[in-house]
> 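The structure that follows is given in the form of structure tokens.
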Amino acid sequence: MPVADIARLADHVGQLVAIKGWVHHLRSSGKVRFMVVRDGTGLVQGVLVKGQLPEADFAAFDRLTIESSLTLKGKVRAEARAPGGYELEVTRVEPLNLAQDYPISPKEHGVAFLMDHRHLWLRSPRQQAILRVRDEVCRACRDFFHDRGFILVDTPILTPTACEGTTSLFETDYLDRGKAYLSQSGQLYLEAAAMALGRVYCFGPTFRAEKSKTRRHLTEFWMVEAEAAFYTLEDVMELAEGLVSYVVSQVLARHRRELETLERDLAPLEAVVPPFPRISYGEAIARLQEMGNDMAWGEDFGGDEETVISQAFDRPVMVHRYPRSCKAFYMEADPEAPELALCVDMLAPEGYGEIIGGSQRVADLETLLARLEEHHLPREPLEWYLDLRRFGSVPHSGFGLGIERLVAWLCGLKHVREAIPFPRLLDRLYP
RNA sequence: UCCCCGGUAGCUCAGCAGGUAGAGCGGGUGGCUGUUAACCACUUGGUCGGCGGUUCGAGUCCGUCCCGGGGAGCCA
């Protein structure tokens with residue numbers, strides 16, 4: 001007897017199959033009993049009619065509890081009354097493990113309770129749908145870069161020093177050599193790899209010990225970062241736009257069902273096709289001031305400002321050339337306006353905020369040395385990084401994309417904590 | 001770190017002006033031959049976050065600490 005995936009039951013109509021899975025739901029109506037079983041690929045209802053299976057198997061139903069594991073055998077039948085359209089006429093019930101009282105019900109639960117039970121919460125249809133979309137997002141990112149000749153280069157997680165600000169570093173003891181820090185970004189290493197391979201990207205976890213309590217922050221999150229030699233800011237904006245529109249198109253093409261489960265409005269996603277609007281920081285400020293916002297030139301946008309800016313467009317908007325004063329040390333100055341950085345942030349629509357940050361990097365050694373001084377960063381641990389400017393320095397650019405923010409936007413989630421299997425937050429390290 | 005809101009049954013919550021601790025769901029038992037978060041009946045279930053104070057009497061008022069949620073700053 002073949003073991004069938006529930007998602008493939010249509011291929012087995014009329015056949016006797018085995019399904020290995022977990023009890024999702026139980027109902028009883030006297031001599032007819034129903035159980036909905038899930039196997040990770042989908043849900044199917046099994047029907048037990050007294051007399052049509054061994055008495056012991058029929059009786060086994062009464063001992064089953066929600067989330068008990070079992071093998072269910074029976075004949076597949078198309079059935080309009082069943083959710084999903086197919087049904088199993090059950091001939092055997094073979095329990096494997098009888099679950100204890102399962103804490104999560106289809107009824108309402110609070111956030112704290114669900115987060116404490118994240119390991120079980122993942123089993124719910126909604127969380128499964130999110131994880132499938134996340135899988136697709138990751139796959140699409142890799143395919144996109146691979147197809148464009150970008151080489152995957154894994155950057156280290158344990159690092160001797162900070163990439164960006166020093167305030168948000170997770171510190172750990174590194175054997176007898178003092179302190180090490182969890183990576184906040186693979187960028188600096190990726191720049192080295194770009195000087196070797198030309199076009200490179202990395203995909204991995206990053207860690208920021210920010211005391212941020214918002215719907216957009218995790219202390220551990222996944223980032224895809226790209227870096228390319230000889231790329232300008234304009235090149236990297238085109239790349240970012242291409243990546244995001246490709247990922248959205250792939251999710252739309254392959255995961256309608258999941259988006260439906262999530263009750264995601266598809267119209268805003270279908271609008272996400274190139275070209276994305278590009279506006280400068282200066283234009284953004286002007287627009288904000290026109291709308292009565294009293295933000296002054298030189299300040300960085302807050303969440304409210306990002307929302308206001310992105311609401312003016314029906315697709316992600318790229319805001320470029322921020323004042324250098326509010327950006328990182330490694331960003332190249334705009335030769336036409338040295339107070340501006342050659343950088344770009346991509347703001348997702350619908351109030352989801354920044355999903356990408358990128359820039360052209362400083363290529364000149366003396367300029368970079370001056371920047372380190374300005375930012376009070378120690379030179380010695382970054383000598384290797386300075387070497388990249390000593391040995392065949394070229395203009396180069398890159399960006400980082402936050403996977404959870406992208407997934408949260410695509411799935412229409414209220415908080416990024418649902419966009420990662422086991423979120424790490426300011427006050428949460430369990431489970 | 002700061003500002004708001006909250007913590008009562010396994011879960012989601014109600015509990016009025018300080019006066020005997022409640023509901024729905026879940027769990028259990030029984031019933032029902034097509035259920036869809038089934039339904040019906042019965043039933044089980046509490047250190048009211050901790051500590052201290054006011055009071056004849058505190059879930060309720062005050063103080064403090066802990067935990068959680070929402071937001072801010074910073075960022076992806």
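Hydrogens, waters and symmetry mates are skipped; everything else that's a heavy atom, side chains included, is used. Lettering follows sequence order; numbering is per chain, from 1.
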> Give the stems involving RNA chain B, where a stem is 3 or more consecutive Watson-Crick or G-U wobble pairs (i with j, i+1 with j-1, and so on) under 3.5 Å.
B:1-7 with B:66-72, B:10-13 with B:22-25, B:27-31 with B:39-43, B:49-53 with B:61-65
> Under 3.5 Å, is there a donor-acceptor pair between the side chain of A/H255 and the main chain of A/V251?
no
> Between A/T232 and A/P395, is any pair of side-chain heavy atoms under 4.5 Å apart?
no
> Heavy atoms under 4.0 Å, any strand shown: does A/S28 hit a base, just sugar-phosphate, or nothing?
base
> Over all strands shown, is A/L218 touching base, sugar-phosphate only, or nothing at heavy-atom distances under 4.0 angstrom?
base
> Looking only at side-chain atoms of A/F113, point me to the closest of B/G10, B/C75, B/U33.
B/G10
> Kindly say whether, by distance alone, the side chain of A/R33 makes a donor-acceptor pair under 3.5 Å with the base of B/C32?
no
> Closer to the 5' end of RNA chain B via nearest nucleotide, is it A/R428 or A/E306?
A/R428
> Between B/G34, B/G27, B/G73, which nucleotide gets closest to the side-chain atoms of A/K211?
B/G73
> Looking at every strand, decide which applies to A/I355 at a 4.0 Å heavy-atom threshold: base, sugar-phosphate, or nothing.
sugar-phosphate
> When we call it a touch if two heavy atoms are under 4.0 Å apart, what does A/R63 touch: a base, just sugar-phosphate, or nothing?
nothing
> Nearest whole Å is fine: how far is B/G26 C1' from A/Q100 CD?
15 Å
> Atom OG1 of A/T91 and atom CG of A/L72: how far apart are they, to the nearest 0.5 Å?
8.0 Å
> In whole Å, I'd like the distance from the CD atom of A/E305 to the C1' atom of B/C75.
15 Å
> Counting only distance, no hydrogens or angles, is the base of B/G34 paired donor-acceptor with the side chain of A/E87 under 3.5 Å?
yes
> Could you check if a side-chain atom of A/R371 sits within less than 4.5 angstrom of a side-chain atom of A/R324, using non-hydrogen atoms only?
yes
> Can A/F34 be called stacked on B/G34 when the rule is centres closer than 5.5 Å and an angle between planes below 30°?
no
> Would you indicate whether the side-chain heavy atoms of A/I279 and A/R287 approach each other to under 4.5 Å?
yes
> Among the candidates B/A76, B/C32, B/G70, find the nucleotide nearest to the side-chain atoms of A/M223.
B/A76
> Specify the separation, in whole Å, of atom CG of A/L98 and atom P of B/G27.
14 Å
> In sequence, state the C-alpha distance, the side-chain angles, and the governing distance for A/Y322 and A/F301, and then conclude on ring-ring contact (aromatic ring centres under 6.0 Å, His included).
CA-CA 10 Å; A/Y322 285 65; A/F301 303 122; 5.6 Å; yes
> Rounded to the nearest 0.5 Å, how far apart are NE2 of A/H320 and CG of A/D334?
9.5 Å
> Got a donor-acceptor pair under 3.5 Å from the side chain of A/T214 to the base of B/C75?
no
> Using only modelled atom types and a 3.5 angstrom limit, is any donor from either the side chain of A/S212 or the base of B/C75 paired with an acceptor on the other?
no
> Taking the ring centre of each residue, are A/Y201 and A/F145 less than 6.0 Å apart?
yes
> Without decimals, in angstroms, what is the distance between A/D116 CG and B/G69 P?
9 Å
> Report which part of the nucleic acid A/D300 touches: base, sugar-phosphate, or nothing (heavy-atom distance under 4.0 Å, all strands).
sugar-phosphate
> Using a cut-off of 4.0 Å on non-hydrogen atoms, how would the nucleic acid contact of A/G353 be classed: base, sugar-phosphate, or nothing?
nothing
> What is the distance, rounded to the nearest whole Å, between atom CD of A/E108 and atom P of B/C11?
14 Å
> With a 4.0 Å cut-off on N to O distance, would you call A/D39 and A/R8 a salt bridge?
no
> Please state how far atom CD1 in A/I104 lies from atom C1' in B/A37, giving the value in whole angstrom units.
15 Å
> Is a donor-acceptor contact shorter than 3.5 angstrom present between the side chain of A/H217 and the base of B/C75?
yes
> Considering heavy-atom distances to RNA chain B, does A/V49 or A/A112 have its closest nucleotide positioned more toward the 5' end?
A/V49
> If you define the side chain from C-beta out and look only at heavy atoms, does anything of A/V244 sit under 4.5 Å from A/W409?
yes
> Please list residues of residues 417-427 of chain A whose heavy atoms come under 4.0 Å from any atom in RNA chain B, ordered by number; otherwise none.
A/R417, A/D427
> So what does A/R216 hit on the nucleic acid, given a heavy-atom distance under 4.0 Å: a base, only sugar-phosphate, or nothing?
base
> Could you walk me through whether A/Q45 and A/E79 pass the side-chain contact (heavy atoms from CB on, under 4.5 Å) check?
CA-CA 10 Å; A/Q45 174 166 270; A/E79 169 58 70; over 6 Å; no
